[in-house]
Each structure stands twice: as structure tokens, then as C-alpha cells.
Amino acid sequence: MILVTGGAGYIGSHYVDYAHKKGSEIVVLDNLVYGHAEAVKDSATLIRGDMGDPKLLDELFTQYKIEAVIHFAAYAYVGESVKDPAKYYKNNTVCTLAVLDAMLRHNVNNFIFSSSCATYGNPHYIPMDEAHPQDPINPYGETKFFVEKILKAYSRAYGLKYTALRYFNAVGAAPDGHIGESHDPETHLLPLILQTALGKRDSISVFGTDYDTPDGTCIRDYIHILDIAQAHDLAMQRLQSGGESAFYNLGTEKGTSVREAIVACEKVSGKPIKVKEEPRREGDPPRLVASAAKAKSELGWKPAYDDFEEIIRTAWEWETHRRY
Ligand code: UFG
């Protein structure tokens, strides 16, 4: 049995669906503040509760034969993390300690952590590999970076085995459209563009058109959610067969600008999308593109989606037939 925290959230639920289809047994712990019970109703046992509650964690580890923990649960609004850092340090870092300490009490050793390219901060070079300096520029990125440091120390001191996966920009949905991205409020670029195409929003705001990039807008590496799910599965297999603790980037190694993303969404949706040019959003690095060579060679990770329009098609399918 695998314990998946935050398994009802966007990235967690796609992993749970992927792993369930491959035969894994999963118990999801999610407080449903941002998660959706519907996203895991067919694929896991859902326990609604707080991951920072040691008593609840003890009950879970006693009741279920948990061999490993995959830890997706976190708040992930960068802007909010600047305005209310306490919420982020407590939830993303302090509550993660509660999960790790429960693992130690119950002799569960394998841990997979949702880290982020936000731990790097502003890029010194592109593509960014795992050795790139880590200097996060907002509290959200710091919380992920703190947990990475905690993992190193826990591994050294207590023998915990971990894999930290640094996602670049997670996008897309399960291709059959039964689960997908649903944030409230939504702040991510792709769903906002597609909702504009659908007429649910008047226009898409482009935050900054004067960056030092070919078309003046920010460049990101948009990686499909199922490729992220696949990497967790491979990381789990590697940990369970005695692999060493490690950090891996997960990205397509291709950069797409905000304007390019809008054009691609117009093509996939067949609808014109109204654009509003706005000032830069605070804390946005101009360019983030991964080197994912390490995940490919050490995990045997083979991303299935490398065509941006194909990735958007899965998100469009979800956006047009949303269930939650
Ligand atoms: N953007 C717009 N208009 C919008 C929304 C976004 O122009 O309405 C731009 C942003 O300025 C950025 C790009 O689109 O340049 C992507 O923005 P997202 O908000 O979709 O995603 P981020 O790049 O901000 O993602 C970051 C980190 C991730 C982290 C995530 C948390 O890169 O590691 O925030 O939600 F997980």
C-alpha cells in the first residue's frame, strides 16, 4: 500500500489514477481544501484529514500496511506565498515534518517528494540541470527547498530514502478527460487561456512583454501531467529496489513563451483568444527550461508527450467536458 498525501489535487490525482491502473493499492490523505474527492473516487481509498495531525498519521500507518509515501500535499500559489508566508511555511514545511516523523515512528523508509523548479530561483544558465544553484525567490520555492534540505539531513541521520522530483510547469489532463486541472482560484496560464477560448473569461492577461526573450514574454517548460505520473512510478520502483536517494528535474527540455502558448491554444481550440498586455507579475523568472537528462538516464524516464499542441489537446478535452 502506498500513502499519497494530496492525492486529490491536480498532480496527485493523475499519479493515483496512473498507479491504480498499473495495479498499485493506494490510500490518499487529503484535507480537500484544494483537492477534489471526485478525482480519486474510483482509484483510491480517500481519508479526509490533516497531514500535520500526528494522531491521524499514527492511525493510518497502523491501519494500512504502508510501504512508501508519495507527498504531493502542498499549497502552490506563488503570489499568496509572498502575501502570507506563514501559511506556506507551516503547511508545506512544518506539516511535511509531521509526515516524515510519522514515517520514522512506523519504520517506513521510502519517500517521494514533489519539489519544484521554483527551488532554483532566477536562472544562471539554460537548460537548468540538477546542479544549478538553488536560490528561491519566493516563500513557495523556499518551502520546497527547505524540505529538500530536511530530506538530506533525515537521510543522513535516520536512513530515510527519498526521491525529490523537481517539476517544471505541470499541464494537461488524462487523455480520456475523466480527471483534469481544477484550481479555485485558477492562476495558471494554460487553463486560463483555454477558459478564454471557451468564452468563460473575456481575455487572457499577458504578464510582461518586455522580457529579454525573443518575443518579450516569459518562457516555461510545460510538461504533461501523465509524464510526471510516470516518473513517480519509476522513482518508486527504483527506491523499492534499493536505489539511492536523489533529485531529478522533470521537464520536456523545450521552452514555450506565453505568446506561443496562446497561439497554440487558438489552433487547438479553433477559437480566437483576446489578449490583454499587462505589467510583469512579481517574482516571475524570464525563462525556465529543464535539462531532464538525469531522470532519463537514471530512472529510465521516457516522456510520452513532446508535442506542445498534443499536450494542449488533452487540457482542451478536459476544459470542454469538466466534471469538477
Ligand atoms: N502568465 C500570464 N498570464 C496569466 C498567468 C500566467 O502571462 O494569466 C504567465 C506567467 O507570468 C508565467 C507563465 O505564464 O510567465 C506561467 O505561469 P503559471 O502561473 O502558469 O506558472 P509558473 O511558471 O508561475 O509556475 C510556478 C513555478 C512552479 C510552481 C507553480 C505553482 O514555476 O514550479 O508556480 O503554482 F509549481
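Any value given below was found using the heavy atoms of this structure, including those in side chains, with hydrogens, waters and symmetry copies removed. Throughout, residue positions are numbered sequentially from 1 according to the sequence presented. Start at 1 and go down the list; that is how both ligands and their atoms are numbered.
On a distance-only criterion, Ala76 and ligand 1 share at least one N/O pair closer than 3.5 Å.
Val258 CG2, 3.8 Å is the protein heavy atom nearest to atom 9 (C) of ligand 1. Closest to atom 25 (O) of ligand 1 among all protein heavy atoms lies Asn169 ND2, 3.5 Å. Scanning the protein for heavy atoms near atom 13 (C) of ligand 1, the closest one is Tyr222 OH, 3.8 Å. The shortest contact between atom 11 (O) of ligand 1 and any protein heavy atom is with Asp284 OD2, 2.6 Å. Protein heavy atom in closest approach to atom 33 (O) of ligand 1: Ser116 OG, 2.5 Å. Nearest protein neighbour of atom 23 (O) of ligand 1, counting heavy atoms only, is Arg220 NE, 2.7 Å. Closest to atom 15 (O) of ligand 1, if we only count protein heavy atoms, is Cys218 CB, 2.9 Å.
Here Tyr10 has no heavy atoms under 4.0 Å from ligand 1, in either its backbone or its side chain. The proximity of Leu189 to ligand 1, defined as any non-hydrogen pair under 4.0 Å, involves the side chain as well as the backbone. Contacts between Tyr140 and ligand 1, counted as non-hydrogen atom pairs separated by less than 4.0 Å, involve the side chain only.
Interface atoms of ligand 1 facing Val78, defined by a heavy-atom separation under 4.0 Å, are 34 (O). Listed by number with element, the atoms of ligand 1 under 4.0 angstrom from any heavy atom of Val206 are 7 (O). Counting atoms of ligand 1 from 1 in the listed order, those under 4.0 Å from a heavy atom of Leu192 are 8 (O).
Checked by atom type, the side-chain pair Ser291/Asp129 shows no donor-acceptor distance below 3.5 Å. Under the 3.5 Å distance criterion, with hydrogens and angles disregarded, a donor-acceptor pair is assigned to the side chains of Asp58 and His106. Counting only N and O atoms by type, the side chains of Asp306 and Thr252 include no donor and acceptor under 3.5 Å apart. Checking Tyr75 against Glu80 by side-chain atom types alone, no donor-acceptor pair falls below 3.5 Å.
Comparing heavy-atom distances from atom 5 (C) of ligand 1 across Thr187, Leu190, Val171 singles out Thr187 as nearest. Considering only non-hydrogen atoms, atom 7 (O) of ligand 1 lies nearest to Phe207 out of Tyr75, Phe207, Tyr211. If you check each of Arg281, His188, Arg287 against atom 24 (O) of ligand 1, the one with the closest non-hydrogen atom is Arg281. The closest heavy-atom contact to atom 32 (O) of ligand 1, among the options Ser203, Cys117, Ser205, Ala118, comes from Cys117.
We find the OG-CG distance between Ser43 and Asp17 to be 5.5 Å, quoted to the nearest 0.5 Å. We find the OG-CD distance between Ser269 and Gln195 to be 12.5 Å, quoted to the nearest 0.5 Å.
Evaluated for a side-chain contact (heavy atoms from CB on, under 4.5 Å) with Leu29, the options Leu56, Val4, Asp50, Thr45 yield exactly one hit, Leu56. Exactly one of Tyr248, Tyr154, Phe247 qualifies for a ring-ring contact (aromatic ring centres under 6.0 Å, His included) with Tyr162. That residue is Phe247. The only member of Phe168, Tyr305, Phe308 that meets ring-ring contact (aromatic ring centres under 6.0 Å, His included) when paired with His224 is Tyr305.
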Go through Tyr77 and Tyr34 one step at a time and tell me if the ring pair (Phe, Tyr, Trp, His ring centres under 6.0 Å) criterion holds.
-> CA-CA 11 Å; Tyr77 291 110; Tyr34 292 115; 5.5 Å; yes
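Proximity of the aromatic rings of Phe72 and His232 is defined here by a centroid distance below 6.0 angstrom, and this criterion is met.
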